[in-house]
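Everything below concerns the one structure shown next.
Note on naming: letters A, B, ... go to the chains in the order of the sequence lines (proteins, then strands), and numbering restarts at 1 for each one. None of these values were measured; they are calculated from a predicted model.
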2 protein chains.
Amino acid sequence: MNLKQLASELGLSPTTVSRALNGYPEVSEATRLRVAEAARHYNYRPNTQAKRLATGRAMAIGHIIPLSTRHEIVNPVFADFIAGAGEVYARAGYDMVLTIVPDSDEERAYREVRSKGNVDGIIVHGPKVHDARLPLLEELGLPFVVHGRSLGADPGYSWVDVNNTRAFERATSFLLDLGHRRIALVNGIETMDFAARRRHGFERALAARGLSADPALMVSGEMTEAQGHDAARDMLDLPDPPTAFLTASFLSAMGVRRALWERGMRMGRDVSIVTHDDELGYLRNGFDEPIFTATRSSVREAGRRCAAMLLRRIESGASAPENDLMEATLVVGASTGPAPRRSDMTD
Amino acid sequence: MNLKQLASELGLSPTTVSRALNGYPEVSEATRLRVAEAARHYNYRPNTQAKRLATGRAMAIGHIIPLSTRHEIVNPVFADFIAGAGEVYARAGYDMVLTIVPDSDEERAYREVRSKGNVDGIIVHGPKVHDARLPLLEELGLPFVVHGRSLGADPGYSWVDVNNTRAFERATSFLLDLGHRRIALVNGIETMDFAARRRHGFERALAARGLSADPALMVSGEMTEAQGHDAARDMLDLPDPPTAFLTASFLSAMGVRRALWERGMRMGRDVSIVTHDDELGYLRNGFDEPIFTATRSSVREAGRRCAAMLLRRIESGASAPENDLMEATLVVGASTGPAPRRSDMTD
DNA sequence: TGCAGCATCCAAAGCGCTTTGACATCGAGT
DNA sequence: ACTCGATGTCAAAGCGCTTTGGATGCTGCA
C-alpha cells in the first residue's frame, strides 16, 4: 500500500493525504481524521527511501565505531551506549546506522558516509588525544557530536563527556585522605583522551599534596581483567609496593582483586581499590553495597545525551557548539579502607 | 556533484554514465574508463537514497536487538557479534541499521521495519524457546537469519548456531571422566533457547552414565559475575556440595572463582570449573594457557557467518532454509582436575 | 450584488537515480 | 547495393514521496 493507492482509496489526491498525515494545516480536521483512520486500517507506512529522497533528510544517524587493528578489541561500553542512544532515536523516528571501521581507513569511511548522504549526522566514538577525525568532520560539514573530547583539538565542536579529570582527582584525594601514599594507576590506553585526562587528574591530586606519581606505579593498556591482574601482580612485588590501586574499569579492578587473593591479601584492608564504573548492565558493581568504591557515571545516559544533542542540533540547524560535562559520583564500597600502617603489615 | 552534473561535465547522458559506473556491458571500454576517471576526479558518489528508491533495494540489513524490560541488560556478546557482521556488510556495500526494542512491543517493531522498507533483511538476536518472532517474520515475508535457534518453532527458517547441546554434553562428560559426580550447572536464563539446549546437553551426559541432575545444583539467570558468585556460595554450603561447576559465561565463571577464593578453596584442585567462552575481545580467557577449561566458540565468527548467509539469501532470492551448526571446541585450562577423593578434602 | 479573503483541495514538478525502449552508426554478409 | 545484427548512446518513464503554485468554492462585508 503506497500513498497513491491510499489516496485513490480515499478519493483524495496524494497531496492531501500526505499533508493530512504530516500535520500540515491546509487540510480540514474531518479529512485528516478520515485519512488517519484509513492509514491505520490499511497499515500504511510511507516508504522510507522515497521520503528521504524527497525531503533530502536521511532520518538516520551514523555511528562510526573504530576497530583498532592492533588491539582487536571491541570497546565493551559500546553496547550500553548504543542502547541509550537507540532509545532516543526510536522516539524521534530516526534510524541508527552502524559502521565498524578498522582505524587504518577511517578517513575514507567518513568521507564516504558524507558523500553517500545516508545519515544526517554522526556520533564520534573513542576520541583520541589530538584526534584527526575532528578537523576532518569539521571540513566535511556533517553535523556531529563526540562522545568524549579530544585534548589538543580545536575546541569548536560539540561533545558529551564525563569529567574524567575531576573524577580521578577526587578518587585519588579520597585515597590520600585515607592515608595512602603509594597509589597505583592502572589506566586505559593513554592515547585515548579519556585515559589521558584520568592520568592528569591522578597526577594533579598527588601534586596538590606535594607528591608526585611514581612511574613504576602507572600502567596504561587495554582495560581487561588480565591487565589488572598482571599489573597488580608485578607492582605488589616491588620493594615498596602500592597500598592502593586506581583502575579504569570494572574488569581491571577484578583483575587486581584476583592478584590480591593470590597472595592472601584482603581487599579494603591490606590494599584498597577504587575503580571507574561505567554502570554497564552486565557488569554491575554489586547491588546493595558496591563491591568496589568507584567513580560512577552511566554510559547509557551518555548515549542518551549524545543522541539528544545531535538531533537537537540537526533539527535546529545550530552551529554554535554545545557541551555537556557529566560529573561522576564517588560511591564508597567495600574495597577501600585506611592505609595500613607499617606495623599492620606484619601482624 | 550528482549524476546529471557529472554526465554533462563529460558530455554524456546520465544513462551512459550510470551504466558505465555499474558495469553494464553496453558501454565501450573507452568511455567506461573516461567516466571512472571523472568520477574519481570529482569524488562522485551516487546518492544512496535515490539509488535505493530506484532499485527498490535498501542495501541495508536490520538488527533488532531485544532489550528485556525486566532485566535491563544489554547482551554483552552483542558488540562482538556486530563487529563480525559489520565486516561482511562493509565489504558488500551494505549498511547495518540497529533497532533497540523493548521486548514489550517487538511485534510492532518488526511490522514497522517491514512496511517502512528500509532494510532488505534482518538478523534475529536472542531467540527464545518457542519464539513468537519467527512465525511473525515468516508471515511478513522479510528475509531473515537467526543467530541461534528456537526449540519448538517450525524449523523452516535459516540460522547460524553453536551446537550448545553437544558442547555442554561434552563438557559434562569431561568432568564425569575426571571422576566428578556432583556437578553444578550455572546456566543462562532458560527461556532463552541457547540456555535450554545447554541444560539438555548437561542432563543427557549425566543420563548416559545413569546419573540424574540434582535440582539443587542447577540455577538459571542473568550471566553475571554476581550470579556465579551467589550460586556457588549457596551450593558450596550444601551438605553434599558440588565438586565441579559448569557455567554459561566467562563472567559467571569468574563469580564462581571468587566464591572459591572466599572459602580458601583452590580452583582446579578442590573444585573444577568449565565454562562456555564466547571469545569476546575484552574477556579473553587467558593467553598462553586458558584460565578456565572451556567450550569455546567465537561469537564474532558467528556474526560473520550470519551476515554472509543473509546476504547470500537476499541476492540469490533463495527460499529453502540454510543452516550452519558450529561446533565448539573444548579447550583445557587450569580450572579443572580430578575430583577430590573424600580423603583429599581433609589432608 | 460583487469581490476580497479564506479554507480545502489538487496537478504537476521535482528529489537523483535506474532501466526500458528506441535510435543512430557501422561493419559484415549476401 | 541492401539488409541485418552489433555496438554505443540517449530520451523518457518510472521509484514513492514532498512541495510549489494554482484552482475551487464558500463566507463575510461593503
Check your understanding: Does the B:S150 side chain pair with the main chain of B:P127, one donor and one acceptor, at a distance under 3.5 Å?
Key -> no
Review point. Starting at CD of A:E26 and ending at C1' of D:dG25, how long is that distance when rounded to a whole Å?
Key: 17 Å
Point to revise | Integer-rounded Å distance: D:dT7 P and B:Y24 OH | key: 18 Å
Exercise for review: Please state how far atom CD in A:Q49 lies from atom P in C:dT18, giving the value in whole angstrom units.
Suggested key: 14 Å
Check your understanding: Any side-chain N or O of B:Y44 under 4.0 Å from OP1/OP2 of C:dG16?
Key -> no
Review point. Separation of B:R52 atom CZ from D:dC17 atom P, in whole Å?
Key: 16 Å
Review point. With respect to the phosphate group of C:dT8, does any side-chain polar atom (N or O) of A:T31 fall under 4.0 Å of OP1 or OP2?
Key: no
Revision key, fill the gap. Ring pair (Phe, Tyr, Trp, His ring centres under 6.0 Å) with A:H125: of A:F81, A:F144, A:F194, only one passes, and it is A:F81
Point to revise | B:N22 CG - C:dG16 C1' separation (whole Å) | key: 13 Å
Study note, to complete from the structure: Heavy-atom closest pair (B:V145 atom, B:C306 atom, distance to 0.1 Å) is CG1-SG, 4.0 Å
Exercise for review: Mind calculating the distance between CG (B:L6) and P (C:dT18) to the nearest angstrom?
Suggested key: 12 Å
Study note, to complete from the structure: Which of D:dA12, D:dG16, C:dT8 is nearest the side chain of A:N47? It is D:dG16
Exercise for review: Determine the contact category for A:T55: base if any of its heavy atoms lies under 4.0 Å from a base atom, sugar-phosphate if only primed atoms, P, OP1 or OP2 are that close, otherwise nothing.
Suggested key: sugar-phosphate
Exercise for review: Ignoring hydrogens and angles, answer whether the base of D:dT18 and the side-chain atoms of A:T15 contain a donor-acceptor pair closer than 3.5 Å.
Suggested key: no
Revision key, fill the gap. Among D:dG21, C:dT18, D:dG16, the one nearest any side-chain atom of A:R19 is D:dG21
Exercise for review: Would you tell me if any nitrogen or oxygen in the side chain of B:S28 comes within less than 4.0 Å of OP1 or OP2 on D:dT9?
Suggested key: yes
Check your understanding: Across the strands shown, which category fits A:G117 at heavy-atom distances under 4.0 angstrom: base, sugar-phosphate, nothing?
Key -> nothing
Review point. Considering only side-chain heavy atoms of B:S13, which listed nucleotide, C:dC10, D:dC10, D:dC15, is closest?
Key: D:dC10
Exercise for review: Answer yes or no: is there a donor N or O on one side and an acceptor on the other, between the side chain of A:D278 and the main chain of A:L280, under 3.5 Å?
Suggested key: no
Review point. Distance-only, no hydrogens or angles: does the B:S18 side chain make a donor-acceptor pair with backbone N or O of B:P14 under 3.5 Å?
Key: no
Point to revise | Between C1' of C:dA13 and NZ of A:K4, the distance in whole Å | key: 14 Å
Review point. Between C:dC10, D:dT18, D:dC10, which nucleotide gets closest to the side-chain atoms of A:L12?
Key: C:dC10
Check your understanding: So, is A:T16 close to the C:dC10 phosphate, meaning a side-chain N or O under 4.0 Å from OP1 or OP2?
Key -> yes
Review point. Which sits closer to the 5' end of DNA chain D, A:A50 or B:V17, going by the nucleotide each is nearest to?
Key: B:V17
Review point. How many Å lie between CZ on A:R57 and P on C:dG16, as a whole number?
Key: 16 Å
**Study point:** Candidate nucleotides D:dT18, C:dC15, C:dT18, ranked by approach to the side chain of A:L53 - the nearest
**Key:** C:dC15
Exercise for review: Have a look at A:R305 and tell me which of A:V88, A:L310, A:V160, A:D161 forms a side-chain contact (heavy atoms from CB on, under 4.5 Å) with it.
Suggested key: A:V160
